[in-house]
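Some notes on the structure that comes next.
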2 protein chains.
Amino acid sequence: MCVTPLGPDLLFKTLADPTRRALFERLCREGEQTVGALTARAGVSQPAVSKHLGVLRDAGLVSDRHAGRQTHYRALPGALAPLVDWTSQMAGFWERRFDDLEDLLKRMDQ
Amino acid sequence: MCVTPLGPDLLFKTLADPTRRALFERLCREGEQTVGALTARAGVSQPAVSKHLGVLRDAGLVSDRHAGRQTHYRALPGALAPLVDWTSQMAGFWERRFDDLEDLLKRMDQ
DNA sequence: CTCACACATAACTCGCCGGTTATGAGAAAA
DNA sequence: TTTTCTCATAACCGGCGAGTTATGTGTGAG
């Protein structure tokens, strides 16, 4: 229900759980899947899978499509963009500090 | 205590906490910091900061350097590599499925 | 030696979250 | 309509983890 990325916070929290991240990985690798198909190899009960998929949907990582009495979920890897931005930012800060004296100055006054 | 990356699992768990991720961000942006300097603007108590730094160290994201009676921590952004790998893998699977018929076939038999 | 300081660890509390079983909603099948 | 199937929701439980205060450890200062 949220198309605009919410920053890395919700993304990290959502992907921190192994079971939930495994579900997202399967949807990325194998494409659209029904809840039943996902549950069959998830190692947890069907309500657990449904709840995880709901969390993934709230984070914008998956979308659901209703067809008859079964629901198909698909991954939306574009939602990973804030993660990529954050990591490249952190790496960027690191490289940038090679050029200036910030590091040395900080170590001197403290 | 672990120089070899442990995959994205520990990394996601470690960075899921906002306080802990903020500490890592500060170390990336501002360079090496003492525990006291970090505690001053962390919003939590000093033991909490020490514990967070320990978790970050166990994940290989920071290193500590003892100087007199104070400990300096610095970020090791190279430890983010498994995160970058994982995200690019997920994006890769997504793009790859544009070319072949995997998606269509899956939707047909199920 | 004694004291003060910086940080780590111990011990504990408490809220959150992932798991379960039970039940509800809704659509296809009989 | 009645039954059966797929999925979502409700209600509850247990454990983990982030926070606290209190204390330990080690180093520089007096």
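Both backbone and side-chain heavy atoms feed into the values below; hydrogens, waters and symmetry mates do not. Lettering follows sequence order; numbering is per chain, from 1.
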What is the separation between atom [atom1] on [X] and atom [atom2] on [N], rounded to the nearest whole Å?
X	N	atom1	atom2	result
Leu10(A)	dC17(C)	CG	C1'	14 Å
Arg69(B)	dA4(C)	CZ	P	12 Å
Asp9(B)	dC16(D)	CG	C1'	15 Å
Leu38(B)	dA8(C)	CG	C1'	15 Å
Asp17(A)	dG15(D)	CG	C1'	14 Å
Leu53(B)	dG19(D)	CG	P	12 Å
Gln33(B)	dC7(C)	CD	P	11 Å
Leu56(A)	dG18(C)	CG	P	11 Å

Original post:
Does Thr19(B) put a side-chain nitrogen or oxygen below 4.0 Å from OP1 or OP2 of dG19(D)?
Top reply: yes

Original post:
Hey, is the side chain of Tyr73(B) poking within less than 4.0 Å of OP1 or OP2 on dA6(C), counting only N and O atoms?
Top reply: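 No, Tyr73(B) has no side-chain N/O under 4.0 Å of OP1/OP2 on dA6(C).
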
Original post:
Base, sugar-phosphate alone, or nothing: which one does His66(B) contact when heavy atoms must sit under 4.0 Å apart?
Top reply: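 The answer is nothing, as His66(B) stays clear of every strand by at least 4.0 Å.
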
Original post:
How is Thr39(B) classified with respect to the nucleic acid when contacts are heavy atoms under 4.0 Å: base, sugar-phosphate, or nothing?
Top reply: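 If one applies the 4.0 Å heavy-atom cut-off, Thr39(B) turns out to touch nothing in the nucleic acid.
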
Rounded to the nearest 0.5 Å, what's the gap from [atom1] on [X] to [atom2] on [Y]? Could you check?
X	Y	atom1	atom2	result
Leu61(A)	Arg21(A)	CG	CZ	12.0 Å
Ser50(A)	Leu38(A)	OG	CG	9.5 Å
Asp9(A)	Leu15(B)	CG	CG	11.0 Å

Original post:
Do side-chain atoms of Arg20(A) reach the backbone of Val55(A) as a donor and acceptor pair under 3.5 angstrom?
Top reply: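 Between the backbone of Val55(A) and the side chain of Arg20(A) there is no qualifying donor-acceptor contact (under 3.5 Å).
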
Original post:
Is a salt bridge present between Arg41(A) and Glu30(A), judged by a nitrogen-to-oxygen distance below 4.0 Å?
Top reply: yes

Original post:
Same cluster for Val44(A) and Leu53(A) if Ile/Leu/Val/Met/Phe/Trp/Tyr side chains link at under 4.5 Å?
Top reply: yes

**OP:** Name the orientation class of the two ring planes belonging to Trp86(B) and Phe12(B) (parallel below 30°, tilted from 30 to 60°, perpendicular beyond 60°).
**Re:** perpendicular

Original post:
Which comes earlier along DNA chain C counting from the 5' end, the contact point of Thr71(B) or that of Lys13(A), where each point is its nearest nucleotide?
Top reply: Thr71(B)

**OP:** Assign each of Val49(B) and His52(A) to its nearest nucleotide of DNA chain C by heavy atoms, then name whichever residue's nucleotide is nearer the 5' end.
**Re:** Val49(B)

Original post:
Of the residues in residues 41-48 of chain B, which ones touch DNA chain D at a heavy-atom distance under 4.0 Å?
Top reply: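 Close to the strand are Val44(B), Ser45(B), Pro47(B), Ala48(B).
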
Subject >> Residue mapping more 5' on DNA chain D - nearest nucleotide basis, Ala67(B) or Asp64(A) >> reply: Asp64(A)

Original post:
If each of Lys51(A) and Val55(B) is mapped to the nucleotide of DNA chain D with the nearest heavy atom, which maps nearer the 5' terminus, i.e. the 5' end?
Top reply: Lys51(A)

